[in-house]
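The sequence lines fix the lettering, A, B, ..., with proteins before strands; numbering per chain opens at 1. Computed from heavy atoms alone, side chains included, the values below leave out hydrogens, waters and symmetry copies.
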Amino acid sequence: MSSTDRGHAPILRVRSAAISYETRYGDVEAVRDVSFDVHRAETFGVVGESGCGKSTVAFGIVDFLGANGKIVGGSINFQGRELVGRSQEELRKLRGDQISMVYQDPMQALNPSVTIGDQLTEVLTVHRKIPAKEAREKSIDMLNRVYMPDSANVMKRYPHQISGGQQQRVVIAMALLNNPALLIMDEPTTALDVTVEAVVLDLIEDLKRDFDTAIVYITHDLGVVARVCNQVGVMYAGEMVEVGSVEAIYANPQHPYTQGLMRCVPKLGSTKESSILYPIRGRVPAPKDRPKGACVFAPRCDYAADKCYNEKPPLSTIEPDHSARCFYSEEIDASSWTPPEGMVPKLAARTGGNGEEPLIKLTGLKTYYKQESKSLLSLIGAGKSRYVKAVDDVSLQIPANQTLGVVGESGCGKSTLAKTIIGLETPLAGEAEFLGFDLTNPVSQRDVKLIEELQMVFQNPDSTMNPSYSVGHQIGRPLRRFRKVPSDAVRDEVIRLLHAVRLDESYYRRLPRQLSGGEKQRVGIARAFASRPDLVLCDEPVSALDVSVQAAVLNLLMEIQHEYGTTMMFIAHDLSVVRFFSDYVAVMYLGRIVEFGPAEAIYAPPYQPYTEALLSAVPIPDPTAKQKHIRLHGTVPSALNPPSGCPFHTRCPRRDMVPDGGGICEKEIPPWQYETEEHRIFCHIPLERLREMEPVVTAD
Amino acid sequence: MGKFIVRRLLLMLLTMLLVSISVFLITEAAPGNLARNVLGIHITPEQEASFLQQHGLDKPFYERYLYWLVGSDWRAERLVNMPIQQITTEDGFRDWWAVEEDGSRVRWDMQAEDLIVSELQPDGSVTRSIDNERWRVKDPSLEIPRLEEHRAEVVEDDQLAHADRQALLNELDQILTILSRKDQSPEEFTAGLSEPERALEAMVDQEALEKQTIFREMAEGVGRRNHLMQVLTAYEQLSGPLAAELRESDFQSMARQISRAAVALDGVDPTLEEGLAQAAEHLVGGDVGTARTTLDAQVERLDYLTGSLRDFLEALRTEQYGDAVAVLRRISDPAETPLDQAQLQVLPDLLEEIQDGLNGDVPAVSEPLFQTTDHLREGSTGEARQTLALAADELEQLSLVIARSQAAQGAGVARVFWGVDRQNRAVQWEKGTGDVVWRLVPGSGWMATTGGPAEYVPLQRGLLRGDPGLSLRTGRPVANLLFTRLRNSLVLAGLAFVIVMPIALVLGLIAGLNEGKPVDRVLSIGGMMFSVTPEFVTGIFLILIFAFWLGIVPGATVFGADAPWTRPEMLILPVATLTLVELGYVLRITRASMAEVMKEPYIRTAYLKGLPGWRVVLKHAVRNALMAPMTIIMLHVNWLLGGIVVVEVIFGYPGLGSYILDSALFRDVNALQGGAMILVAVAVSTQLLADVLYTFLNPRIRYN
Amino acid sequence: MLVKDYMTRHPVMAEPSMSLVEAQQMMAEAKVRHLPVVETGKRLVGLVTRQTLRIPPTELASLNVWEITRFLSDLKLEDVMVKHRDVITTEADLPLEQAAQVMIQHKIGALPVLEKGIVVGIITEIDMMTQLTELLGGNVAGVRATIRMPNRKGELAKMTRAISEQGWGIYASGGVPTPKDPSYWDCVIKVRDVSKDELLAVLERIEDQEVIDLR
Amino acid sequence: MTASEQTMPKISAQPSPLERLRGGISILFESKIAVIGLAIILFWVFVAVFAPLLTPYSPTEQDYLAQNQGPSAAHPLGTDELGRDVWARVIYGARVVLIMLPVTDSFWLPLGTAIWGVLLGLFAGASLGLMGGYLGGWVDEVVMRLLDALMAFPVVLLYMIIIASVGASATNVVLAIDIVGTPGIARLVRSLTLDIRTRDYIRAAEIRGESPWYIMFVEILPNARGPIIVDAMLRVGYAIFAMGTLGFLGLGLPPPSPDWGSMVAKGRQYILAGSPWAALWPSIAIASLVVGLNLFADGISEESTRYQ
């Protein structure tokens, strides 16, 4: 269809739009000079790091910028109609009718105290003035259309009563009810697990085709863009620096920022031996600090010339469907780029950990949470308590100096496993041994010698540091506590650590609120390594960071690990990152490890069916890559009451490969099958059948 | 949901339990004396003890708390060994009765030695009859040593006539024999004891015993009234061991008494008169030592003049009748008492007072004394001596009878009976033990008797069964007044609530919608000012403005406990005060909540769905925005209750708050507890209501 | 080949209260010639086309230039549009050719597509033309052959068999009765990955059929 | 990314303490209501500190010739029913409220009754809240049940019972206000603790093997200080409120101390008799000081949340 549609005028045409916010520092231009077209049945992706003005563009389209935001220039033309300068009442008629939005966090976006049915039907009754009954029927139809199970019932429920993926479907159904010409999706899958994300992305694709809707898709995830978008606009610091078809941009990024972004993201299958991540130096400037009359990216650009600092580059067309805001886009060739000095992590080839004694060894570890039942009996302490089997029968070992990656969907017990090892949770059963120390007792009962050998890097940069104390104090605290250095040498040691995480001395006295997310994370790493631990647990250390910062932090972790010879356990939900970073990988599902082995073995057949499903759900930042289409249906069962037998049998897409058709999966816990000594798979399907599987991803 | 409510109700009960225990504990620890608060500061320690006993306050803390909580009737039933029932009389009082096996309702009182049973007739009238069958031997193992001791006393008692003593000992021995037998039922005891006891009873002359009281009262009366006696008492005090504790005012009154005595002796004995006058002067001047020395010289003379009648009175007061007889004989003996002119001036008056005090109740003694006075006045000393001797003989005879009666009475086997008295208490009556019991008898004040009620369990149904007990201050059931007061308070609070809620919520929503705009500023700062100004200040301002300066409404509410609605205009200012304070509070909460909700992403969603502004506000914002205020307002009821106390005090409104304040200041624990329980119940149940409401408004909780 | 598959969804639409000038601007911007006029909820109330917007000069003749400006700026779509009852519409589930017939019959260039009175799309001559080109493979590179064959059973099969025997694929095909000769059909096919000569050689071997055009 | 994120200023340079102080003051002056509140508070602190210099009278000095008078040159605010100077009593009353706590006749502590009425409760409440919130489990359960029970007491009842049982004196009033205030503070601190304890830096401290006390008082408490300080400020206002109420009910400072509440209570009896002055001025004093404190706290918290 696209060939014919391109002949039509675009549904949405944005030209040189600029949006400002009034602040106490005066008007700050959050977005400027943004131009793009969105056509019928086409998805226009807006990518960029946080703080680049992506969402502002989305809200600017419908002029819903809050009390202090306003469109200060340019034109936003919707189906031939200029939207800038329209009255709110006119815009209101468009919103929800011709232009709909889908938001990042569906739970937040749905009113918690109004039933889903009411929230859906009111879109129809307000815009269409049709009888409630008819609106209801239409709503149910639409819910069915987005593959909502039991849709008539869902209408009566409240948002919290359905799962996150279903909530997102409701939001999508709500957006589509009036058959809008334009759908704006603001990070619609960011809050979802990768398997759910895959299903929702499929759904979006289906709907786009069936409804001919033009979609503006905002995301920070290059993989998602590659999967769903036709056209891409890359935003940086409030400007659109590159626009083009998805193929063109991925194959041939022209703007240095786009190139930088691509180099930050590990490809699924790339390893730290085979590839290097190159972070973009510096960070996104705050709106008020953006250079004026110059290229906004110049301060971070490797190609920046004098001209870039003195003149603002126009959006120049390279190919018919591809333009970039760079003076030198013609000259720059991404493939001949050489990293600047100091950006390449200094990693000598490490001696493999094979054959070495395992540093840590877990055998049959179980950590259950007690769940207080809400019965009356429990008031007097006689209630029957049930257990959430957060970690169930986990056995693994990490060889010294190696990295174990742990992946799985949220709630699979990754974090609990880490907490158990570190001593914040006490296991119910099983053995855990670390260099001969017992790890089954809580941290409060552990010896200081043991405590200092186990440290942790946390996920959320905003909460990893105590806002009340300076950087120096917080890095110094473990040094003082473990008496690693004499107290008069603490300062020097802290500064040494700061240097180790690429921060200079001036950070010593800074308070956390004066740091950016990446810097906080670096301080968190410095703090974890201060006591020179043997084992560092990283609990999603980069998942809250922008890609360029993520690359920097990953590099840093690798370097420090290399320098200190530390063993690591790396927890993440991003399979590409885990693959990139780890030597060994454990895949967890519902508290159990379902596959364990060297990283390269996990990402190649034979797969445990869950691993296969995970891999095929990962969005790959390459529009040409072929990926198997395996989707998990239903939701992860409650860990309070996990399925009998194989925990995965309720959702397993490969049950037909089991000889008896899958009956055994419901009854018996699967055996560990050893492909190699190190690679084991937790499945009833015979290894021979598993080996017949094809690789999930094949590059074109 | 049901489970949740049950859970909350249980927690509420738990809270109330904790509160009631702490109120009990705190009032327990509080200094001050309830008996004095109720009866005035002049009561004697015995009376205080008796008061505490009668209200069950002598019991240990936990026992009282238990009775208060779950009632004492079940315990009393076990003690009385009969079912006990509360009935409501026609005039609205609640009476406790024991229920006999045949179903008739009875209760008792004790008159002298007799148990009187009152029986409630079906027509509501009450018949009374003697019911001594109920007495039970207290406890042989305790009685035997007591009786043996008594026997020894009887053997020693020189006041007893020989024959009486023999008869007494005879019966006593019989009783002891019977009591010493083991394994007898109470009935067998009663049967066996009846004969010797009857014999003992025959020995008791009740009339003679009553005369003891007459003697004693006369002795005290004369001692207090007669100036000469007072001088002697004063002298005793001055030289006694407690002299150091006497105070200035005591000296002053002594001086007055002494100088009055001096005046009375005018012309009788100038030396004595002068001496006394001097002593009085010394006392007034504060020179106690000299006063005493001066008195020292006078006392012997005074004693001589009064013919040692002081000893006579003292003997009668202490029931040493032998000594009294001896004094009379001494005066009648010329060798000992010359009856000179001075004595003749003093003695007749004194004797006349004694005889007046006896008031003809003991004619055998008072008649001869009367004659003696006459003779003395006439100067015929010989005849006077004869009549005095006669009085002495009569007194001696009487003393024998009294001694016998006392001994016989003391020899009776102590009997006890647990029953219900006419003041709604379970009482253990005792007789035959000889203990003195003080009782507050309605109409005749404090009375001391031997035998009578010994232990009380005030009957109450207990809070758990809806009975908060009797007010210690008024003796009326707490519940009666509590509910009137509660109703008055509810009228006040309810009116305020009805006015406040719609206005405050609407204003709050308006302010919240216009966050940061002038209308919001005015409303929220104005609201804050009203809500943080103490109620009494607001009240004062309102009184000043509307009652004092403008004079359009009454400034105080003075009406009976009953009807707030008899003069509704009186309610205007109290309600206005509460309204202002609450208005600001609710407004601010609603505003904050509304402003918060309007920033929620789902409101943005609603706008982006293209809903008109009014619909977004009404359908999506208000319900969520009301969640917080509703619950906080409910929690604020607690606070409102406090405000009501203050408002009630400002305007003199007869509500629950002022009732509790008075009870707390008075330490009327039952009333305080009753009020506290109502307040806590109101507070906690509104919290429960808040939770239920919150759950209703917030489906997220409802289905968890 | 139903209307709903080929119509333009989310057509540009206008409100009755929109001024004539604005509507003209909008049509120019969005490059459309037909503008369904809808009230709240996309309920059709009328239709304007570029023609309807062209005010007949007779109406303006008596007015001076100021009056014309005012007249034009006051003119709303509801004054000039074709009212709903006169608008010819179609349903989304109709076959495409039926819709085309309606258009031919009424000599109109566009049909608003309704579902329960709500505009869900519009189908225009252009859409039809697009389908015609698609039908005849206008957008695909390849050899286009027009073959004249007798109007009887089995002739088309003969041809397709001949082509498929060569392992070629027909990418588009269409047939119309031969102009002025009802006993023959002219059939157009488009074959990819083949040279003209090869194709001609194969087609010429078919009996009773004649290649009349090859390009 | 939302609008607020957009406008969020990024502090990139390290400001000196002086600059930070100046920043704080500028935030304060940003809010007009905070400035007004501060002015009222400072006025009362001033008259309290310099009370002896501001009036020739003693607060207990009686003048039987001038009872229940209106304002005059000799008595700027009039006199009360015993002929005491109302101005003197009001400003000496401010002393008791704000700058000194009389413990015995001759001994007094610095900081006023209202301040102590918050400080002790703050200490107890913060400790309980931290323990309940951080340690959780049965400690939390016990602490919360007790506080719930305490909260279920209607406030005035609690005051009455406490004061009635321990007797009316300044220290006892302080004690009562602290006891009543403790549950509220504890709840606040607990909820803050529950939030803060989920932060990763707490986990970092835990895996360093820090003791619970270190975590509670060094890691958690400093981060809860903002809301606690604002709350404490409101509570000072509330303590004045409570003192006034207690005084009014006859449960406050024993006479003849210049206690605002009891001044109102006494003066009230003469309002309708035509002498409103003795009740009016202390009422205004209480109202203005409490309102001032609330304005200040409101302004501060509003400004600080706006530019967080």
**Item:** Leu280(D) vs Ile540(B) side-chain heavy atoms within contact, under 4.5 Å
**Value:**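 Counting from C-beta outward, Leu280(D) and Ile540(B) never come under 4.5 Å.
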**Request:** Provide the closest heavy-atom pair for Val537(B) versus Ser283(D) in the form atom of the first, atom of the second, distance.
**Result:**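 Reported closest heavy-atom pair: CG1-O, 3.4 Å.
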**Item:** Ile284(D), part contacting chain B, at a heavy-atom distance under 4.5 Å
**Value:**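 Contact with chain B: backbone and side chain both.
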**chain B contact via Leu295(D) - which portion, at a heavy-atom distance below 4.5 Å** =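 Both parts, heavy atoms under 4.5 Å.
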**Asked** Going from OG1 on Thr533(B) to CD1 on Ile286(D), what distance comes out if it is rounded to the nearest 0.5 angstrom?
**Response**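 Going from the OG1 atom of Thr533(B) to the CD1 atom of Ile286(D) covers 10.0 Å.
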**Message:** If you count heavy-atom pairs within less than 4.5 Å of chain D, which of Val645(B), Leu661(B), Thr538(B), Ile660(B) leads?
**Reply:**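 Most pairs with chain D among the choices: Leu661(B).
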**Request:** Give a yes or no on whether Trp549(B) atom CH2 has more than 12 heavy-atom contacts from other residues, nucleotides or ligands under 6.0 Å away.
**Result:**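 Result for CH2/Trp549(B): enclosed.
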**Request:** Return yes when atom CZ of Phe541(B) has more than 12 non-hydrogen atoms of other residues, nucleotides or ligands closer than 6.0 Å, and no otherwise.
**Result:**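 More than 12 within 6.0 Å, yes.
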**Toward chain B: residues of residues 232-249 of chain D with heavy atoms under 4.5 Å** =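 Against chain B, the residues of residues 232-249 of chain D that fall inside the cut-off (heavy atoms, under 4.5 Å) are Tyr238(D), Phe241(D), Gly244(D), Thr245(D), Phe248(D), Leu249(D).
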**Prompt:** So which part of Ile644(B) gets closer than 4.5 Å to some heavy atom of chain D, the side chain, the backbone, both or neither?
**Reply:**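 Neither part, no heavy atoms under 4.5 Å.
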**Met529(B) versus chain D, the contacting section by heavy-atom distance below 4.5 Å** =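 Both backbone and side chain.
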**Item:** Trace of the side chain to side chain contact (heavy atoms under 4.5 Å, CB included) decision for Arg588(B) with Asp298(D)
**Value:** CA-CA 11 Å; Arg588(B) 270 163 66 81; Asp298(D) 260 23; 3.0 Å; yes
Report all side-chain donor-acceptor pairs from residues 19-26 of chain B shorter than 3.5 Å, counting only partners two or more places apart or in another chain.
from: Ser20(B); atom 1: OG; to: Met16(B); atom 2: O; distance (Å): 3.2
from: Ser20(B); atom 1: OG; to: Leu17(B); atom 2: O; distance (Å): 2.8
from: Ser20(B); atom 1: OG; to: Tyr65(B); atom 2: OH; distance (Å): 2.5
from: Ser22(B); atom 1: OG; to: Leu18(B); atom 2: O; distance (Å): 2.8
from: Ser22(B); atom 1: OG; to: Val19(B); atom 2: O; distance (Å): 2.9

